[in-house]
Asks: 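Just dropping this structure here.
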Amino acid sequence: MGFKHDLLVYTTLECESSEEMAASMHKAKQEGADLVELCIDSFTFSHISEVELLLKQRTLPSIVSFRPNSPRYTCREDWKKTCIQVLKLAVELDVEFVEVDREVVCDEVMAELMSKRSNCKIIASSCVNGGNPTKERLCNLIINLQSTGADIIKLVIDVAYITDVAPVFHMLTHCPVPLIARAAGDRGLISQLLGPKYGAFFVCGSLGGKSTPGLPPLTSIKEVYKLEYVNPDTRVFGVISNPVGHSKGPLLHNPTFRHTGYNGIYVPLLVDNVKEFFRVFSCNDYAGFSVGIPHKEAAVRCCDEVDPLAKSIGAVNTIIRRPSDGKLIGYNTDCEACVTAIEDALRERRKTNGHASNVSPIAGKLFILVGAGGAGRAIAFGAKSRGARVVIFNRKYERAKALAAAVSGEALPYERLNDFCPEKGMILANASAVGMQPKTDQTPISKEALRSYELVFDAVYTPRNTRLLQEATEVGATVVSGVEMFVRQALGQFKLFTNGLAPVDFMRRIVYEQF
Ligand SMILES: O=C1C[C@@](O)(C(=O)O)C[C@@H](O)[C@@H]1O
């Protein structure tokens, strides 16, 4: 992956004072921004000379903008007057980029700015509100803005679904003038992360590690995604989930692609409708996917072929697009990941207690499963395959009953979980999202009830040490963290993604040292 393209990473600064602006600019530089957008509409000033001073003191190349939706300017005329004054000043001072909003882009203003500029580049920008940004709509807008003679066009586009980003990628590839395109909101995040694949030369990030909806943190652009190496040949992988922000997949798979020299990028995909997602992003470049909550079962129906284990489970957590014919093939790497993590921990415990054996230590055990969604199904089938007696608790009892029938187990009403103690030394596996960030104070079962368990496993891996695991440790049970399952299922995925080997030690080191 030697190819490195000239990408400019910027962040938007909305600051009231010059001190704040200077400090933010310094921080932006430290976090790897190549330039900043100075939103002068957020700056408090009584005379234009204060703006002049501010611009002269800039320590990074800048885009000067004066946004039309600024809460500071309630009167349109005031806004317009000040906006034009600021833009003219920025051109006179030869600031690197001056952004002219569609509201003031009329002929005379543009003509004056263009005639006065020397080196500065003029950006004509527009917001695209109201959703449904079709190719035609974006194309007409671009033609309109291009007719102003601007050097660059910028569009900030409202998107309702991740699939609305597809026309944005189309425009990035086909726009005759350099285009800065940003799909706003959580579902627009891939417009920044995958933009460089489609030729974007500007990418926007958020400052201070904050995740602003739709913007990756500046630090992750540089350190996790390394977008300067993304090019048209980069194959796209990602985690299809909702929510998706908690996933550590990008922190693991991206460095592993680089470590193995594979030209791939792995991104969070906030998907509402899996079928729609695959209908729209259907080309071979969208090569492989992890599937997270709540889509693991619906995803089975999107696959052209499903591996027999995943088929019997009825849930996939991995989908590969077969390069030869573009067909989607589903797999389940959760099942083995979870069961082997539990087996290894029990074997370790037995070893220290003096009786090691080759038979699965789960065989014959009472295996209590909480949660009957996609992950729960994988775990139930895994436990059953090792000869455990499976008992399932789920908030929606009907689902527990259906899964119990599939694994010849038993389903019980959720309310009975805390009192359920037919024997000592049971195994508990939480496959529900209870306890997951941000609701880390929650736990699916009382601490008292945990005394009946030899081993407690939690599929939740954010945080690593959930309340359930802390309390299980306190009552003396062996605990297995969701991180262990996470790394094992990811190892299986990486092999499928690259049709090669997964660097086990490297991936384990990332998970245990950096998460
Ligand atoms: O359940 C999980 C977790 C996951 O969704 C994630 O959060 O990255 C990725 C899936 O492959 C896996 O099965």
Side-chain angles (χ1 to χ4, degrees), residues 189 193 211 220 224-225 236-257 264-272 274 277 287-300 302-303 306-307 309-310 313-320 328-342 369-382 429-438 457-464 466 480-498 502 507 510-511 514-515:
L189 178 66
L193 294 180
S211 47
S220 75
V224 178
Y225 297 102
V236 179
F237 298 83
V239 48
I240 295 176
S241 189
N242 188 354
V244 75
H246 66 281
S247 173
K248 304 265 195 203
L251 294 179
L252 178 59
H253 287 290
N254 286 304
T256 312
F257 281 139
I265 182 170
Y266 182 99
V267 297
L269 298 162
L270 183 54
V271 170
D272 298 278
V274 204
F277 175 84
F289 307 89
S290 307
V291 185
I293 42 170
H295 297 311
K296 292 183 186 199
E297 290 160 271
V300 175
C302 300
C303 294
V306 181
D307 166 79
L309 173 68
I313 295 170
V316 295
N317 79 323
T318 311
I319 297 180
I320 306 298
L328 296 173
I329 321 294
Y331 299 87
N332 194 307
T333 66
D334 279 338
C335 178
E336 279 301 295
C338 169
V339 176
T340 57
I342 293 176
L369 173 68
V370 181
R377 292 191 69 86
I379 296 171
F381 274 82
N430 174 41
S432 76
V434 176
M436 187 166 106
Q437 268 164 9
F457 163 76
D458 199 344
V460 172
Y461 70 92
T462 52
R464 190 198 291 199
T466 57
V480 177
S481 153
V483 172
E484 190 51 39
M485 172 172 170
F486 178 77
V487 69
R488 289 176 190 233
Q489 62 81 34
L491 284 164
Q493 273 177 351
F494 195 84
K495 277 193 221 159
L496 292 164
F497 286 167
T498 58
M507 290 176 82
I510 293 189
V511 168
Q514 293 180 25
F515 280 19

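Indexing begins at 1, ligand by ligand and atom by atom, following the structure's order. Remember, it's a predicted structure, so these values are computed and weren't measured experimentally.
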Asks: Distance check, rounded to the nearest 0.5 Å: Ile265 atom CD1 versus Phe257 atom CZ?
Replies: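 CZ of Phe257 is found 9.5 Å from CD1 of Ile265.
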Asks: Measuring from each atom of ligand 1, which residues have a heavy atom under 4.0 Å away?
Replies: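 Within 4.0 Å of ligand 1, protein side: Val239, His246, Ser247, Ser290, Val291, Gly292, Lys296, Asn317, Asp334, Tyr461, Phe486, Gln489, Gln493.
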Asks: Could you check whether the rings of Phe237 and Phe497 sit parallel, tilted or perpendicular, using 30° and 60° as the cut-offs?
Replies: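 Ring orientation, 0 to 90° scale: tilted.
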Asks: For Asp334 and Lys296, what are the C-alpha separation, side-chain angles and deciding distance, and is it a salt bridge (Lys or Arg N to Asp or Glu O under 4.0 Å)?
Replies: CA-CA 11 Å; Asp334 279 338; Lys296 292 183 186 199; 2.7 Å; yes
Asks: With Asn332, which of Asn317, Val300, Val316 fulfils side chain to side chain contact (heavy atoms under 4.5 Å, CB included)?
Replies: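 Output: one option passes, namely Asn317.
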Asks: Taking only residues two or more places apart in sequence, or in another chain, which ones meet Thr466 in a side chain to side chain contact (heavy atoms under 4.5 Å, CB included)?
Replies: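 Partners of Thr466 by the side chain to side chain contact (heavy atoms under 4.5 Å, CB included) criterion, ordered by chain and then number, come out as Asp458, Val460, Pro463, Leu468, Leu469.
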Asks: Taking Ser481's backbone N and O only, do any of them form a donor-acceptor pair with Glu484's side chain (distance below 3.5 Å, no angle check)?
Replies: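 A pair under 3.5 Å: no.
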